[in-house]
Amino acid sequence: IVTYNTMLHGFCKVGRMDEALSLLQKMAIAGCDPDVITYTSLVHAFYKVGDLGEAQRYIQEMVSKGCIPDIVTYSIILDGLAKSGKLHEAFKFFRAMFDRDSLPDAVTWSILLNGLCKSNKVDEAQKLFDEMITKGFVPDVVTYNIMIAGLCKSGRLMESLQLYKRMTLTQCHPNAVTYNTLLNGFCKEGNINDALNLVSDSSTKHIALSLDSVANLVDALRKVGRVMEADYVTTKTAQWQDNPE
RNA sequence: UGGGCCCUU
């Protein structure tokens, strides 16, 4: 079953759903019953290619065969709902999880927070984030990244910086996505000095920034005539790429 | 062996 699931996931990952489904047939012929992971992979892949109908179909097939969806399955369903504009439905589903067997985990919370942030509902996202903490769930780096991105997107740069600082005080360390998010947000708003501070933070922590984000910042610097700093950042980041330590 | 974040416009 592990071998089949690994292969199936391989097909799903590259969107070759026809081949994934024929593998599902082969499993049946071989007498190998699909399990929760098989179905969850399929559902995820169908959501990703935008085929909500097929996703729904395999959720039903899973349940009808007595295969119990778990927290991963639920999270994928929630993400599918949130990303297809059905936030309200996603929340109903989410709230129902508390009354059922499976509690959400950090990923589940993050999916909903992301849905709110992407719909420009950062205030609601902040409330949900507070609720998450009040209820004793622990945000991870992705949860923080989502909130930081939401705050940046609505131009609330100082609040995003505060959250960044808050996360550095916890056991949750910023990663490359954290810095890319902040850098892009700050450059977009023209706050180049804070962006530069973040670059030096990231180098202190030995975190390699994405080339896109660096190019973005260098562009912003050149546009306001700070050519020497632009060159300096270019040189420095090139060095970190070659010799990260 | 399966789930969430930046960039992928």
Side-chain angles (χ1 to χ4, degrees), chain A residues 1-14 20 23-24 27 32-48 55 58-59 62 67-84 87 90 93-94 97 102-118 122 125 128-129 132 137-153 157 160 163-164 167 172-188 195 198-199 202 207-219:
Chain A
I1 182 75
V2 173
T3 309
Y4 278 118
N5 283 346
T6 305
M7 287 173 59
L8 187 112
H9 182 237
F11 287 131
C12 285
K13 208 163 49 178
V14 295
L23 188 63
L24 191 67
M27 290 174 71
C32 182
D33 285 336
D35 65 6
V36 60
I37 293 180
T38 319
Y39 282 117
T40 301
S41 293
L42 275 176
V43 171
H44 184 216
F46 279 120
Y47 273 129
K48 239 183 353 193
Y58 284 100
I59 293 168
M62 161 171 43
C67 189
I68 314 291
D70 64 12
I71 183 66
V72 176
T73 321
Y74 287 138
S75 295
I76 287 168
I77 292 171
L78 279 170
D79 200 41
L81 289 172
K83 287 187 173 144
S84 52
L87 253 191
F93 195 101
F94 176 70
M97 285 175 68
S102 57
L103 279 178
D105 62 11
V107 174
T108 324
W109 288 94
S110 299
I111 286 168
L112 287 158
L113 289 168
N114 193 37
L116 288 171
C117 287
K118 287 280 151 62
V122 189
L128 191 68
F129 184 73
M132 173 182 184
F137 294 88
V138 180
D140 66 12
V141 59
V142 176
T143 319
Y144 279 105
N145 288 346
I146 287 167
M147 291 304 299
I148 287 170
L151 290 165
C152 283
K153 193 178 170 205
L157 300 186
S160 73
L163 194 56
Y164 160 72
M167 85 186 275
C172 185
H173 300 292
N175 62 15
V177 174
T178 317
Y179 287 106
N180 292 333
T181 305
L182 284 164
L183 276 188
N184 294 333
F186 277 67
C187 286
K188 197 182 295 178
L198 288 160
V199 171
S202 71
I207 292 170
L209 302 170
S210 87
L211 296 177
D212 287 336
S213 306
V214 175
N216 198 14
L217 173 60
V218 168
D219 252 22

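Numbers restart at 1 for each chain; the letters A, B, ... are given by sequence-line order, proteins then strands.
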TODO: Round to the nearest Å and state the distance from D33(A) atom CG to U1(B) atom C1'.
DONE: 17 Å
Open item on the list: Within the 4.0 Å heavy-atom criterion, would you say T38(A) contacts the bases, only the backbone, or no part of the nucleic acid?
Closed with: nothing
Task: Side chain of T6(A) - closest among U1(B), G3(B), G4(B) - done: U1(B)
Task: Separation of U1(B) C1' from D70(A) CG (nearest whole Å) - done: 13 Å
TODO: Sequence neighbours left out, what passes side chain to side chain donor-acceptor pair (under 3.5 Å) with Y179(A)? Give chain and number order.
DONE: Y164(A)
Open item on the list: Quick one about N145(A) and T181(A) (side-chain donor to acceptor, distance below 3.5 Å, no hydrogens or angles considered), yes or no?
Closed with: no
Open item on the list: If I take atom CG in residue L128(A) and atom P in nucleotide G4(B), what distance separates them, rounded to the nearest angstrom?
Closed with: 18 Å
Open item on the list: Taking the P atom in each of C5(B) and U9(B), what is the distance between them to the nearest angstrom?
Closed with: 16 Å
Open item on the list: Tell me which pairs pass salt bridge (charged side-chain N to carboxylate O under 4.0 Å, His left out) where either residue lies in residues 67-82 of chain A, with sequence neighbours left out.
Closed with: D79(A)-K83(A)
Open item on the list: Regarding D140(A), tell me which of base, sugar-phosphate or nothing describes its non-hydrogen contacts under 4.0 Å with the strands shown.
Closed with: base
Open item on the list: If you compare all heavy atoms of A195(A) against all heavy atoms of C187(A), which two are closest, and at what distance to 0.1 Å?
Closed with: CB-SG, 4.3 Å
Open item on the list: Would the base of G2(B) count as contacting T73(A) through its side chain, where contact means a donor and an acceptor less than 3.5 Å apart?
Closed with: yes
Open item on the list: If I take atom NZ in residue K13(A) and atom C1' in nucleotide G3(B), what distance separates them, rounded to the nearest angstrom?
Closed with: 14 Å
TODO: Using atom NZ of K48(A) as one end and atom C1' of G4(B) as the other, report the distance to the nearest whole Å.
DONE: 13 Å
TODO: Report which part of the nucleic acid V36(A) touches: base, sugar-phosphate, or nothing (heavy-atom distance under 4.0 Å, all strands).
DONE: base
- [ ] Give a yes-or-no answer on whether the side chains of K188(A) and N184(A) include a donor-acceptor pair shorter than 3.5 Å.
- [x] no
TODO: Round to the nearest Å and state the distance from F46(A) atom CZ to G2(B) atom C1'.
DONE: 15 Å
Open item on the list: I need the CG-P distance between L42(A) and G2(B), as an integer number of Å.
Closed with: 14 Å
Task: Length of the line joining F93(A):CZ and G3(B):P, which is rounded to integer Å - done: 17 Å
TODO: Test side-chain contact (heavy atoms from CB on, under 4.5 Å) on C117(A) and M147(A) and set out the steps.
DONE: CA-CA 7 Å; C117(A) 287; M147(A) 291 304 299; 4.3 Å; yes
TODO: Tell whether T40(A) reaches the base of G2(B) with its side chain through a donor-acceptor pair below 3.5 angstrom.
DONE: yes
Show the distances under 3.5 angstrom between N or O atoms of the protein and N or O atoms of nucleotides 5-9 of chain B.
residue: C5(B); atom: OP1; partner: K83(A); partner atom: NZ; Å: 3.0
residue: C5(B); atom: O2; partner: N145(A); partner atom: ND2; Å: 2.6
residue: C6(B); atom: OP1; partner: K118(A); partner atom: NZ; Å: 2.4
residue: C6(B); atom: O4'; partner: T181(A); partner atom: OG1; Å: 3.1
residue: C6(B); atom: O2'; partner: N184(A); partner atom: ND2; Å: 3.2
residue: C6(B); atom: O2; partner: N180(A); partner atom: ND2; Å: 3.1
residue: C7(B); atom: O2'; partner: D212(A); partner atom: OD2; Å: 2.9

- [ ] Would you check if I1(A) and T38(A) make a side-chain contact, meaning some heavy-atom pair closer than 4.5 Å?
- [x] yes
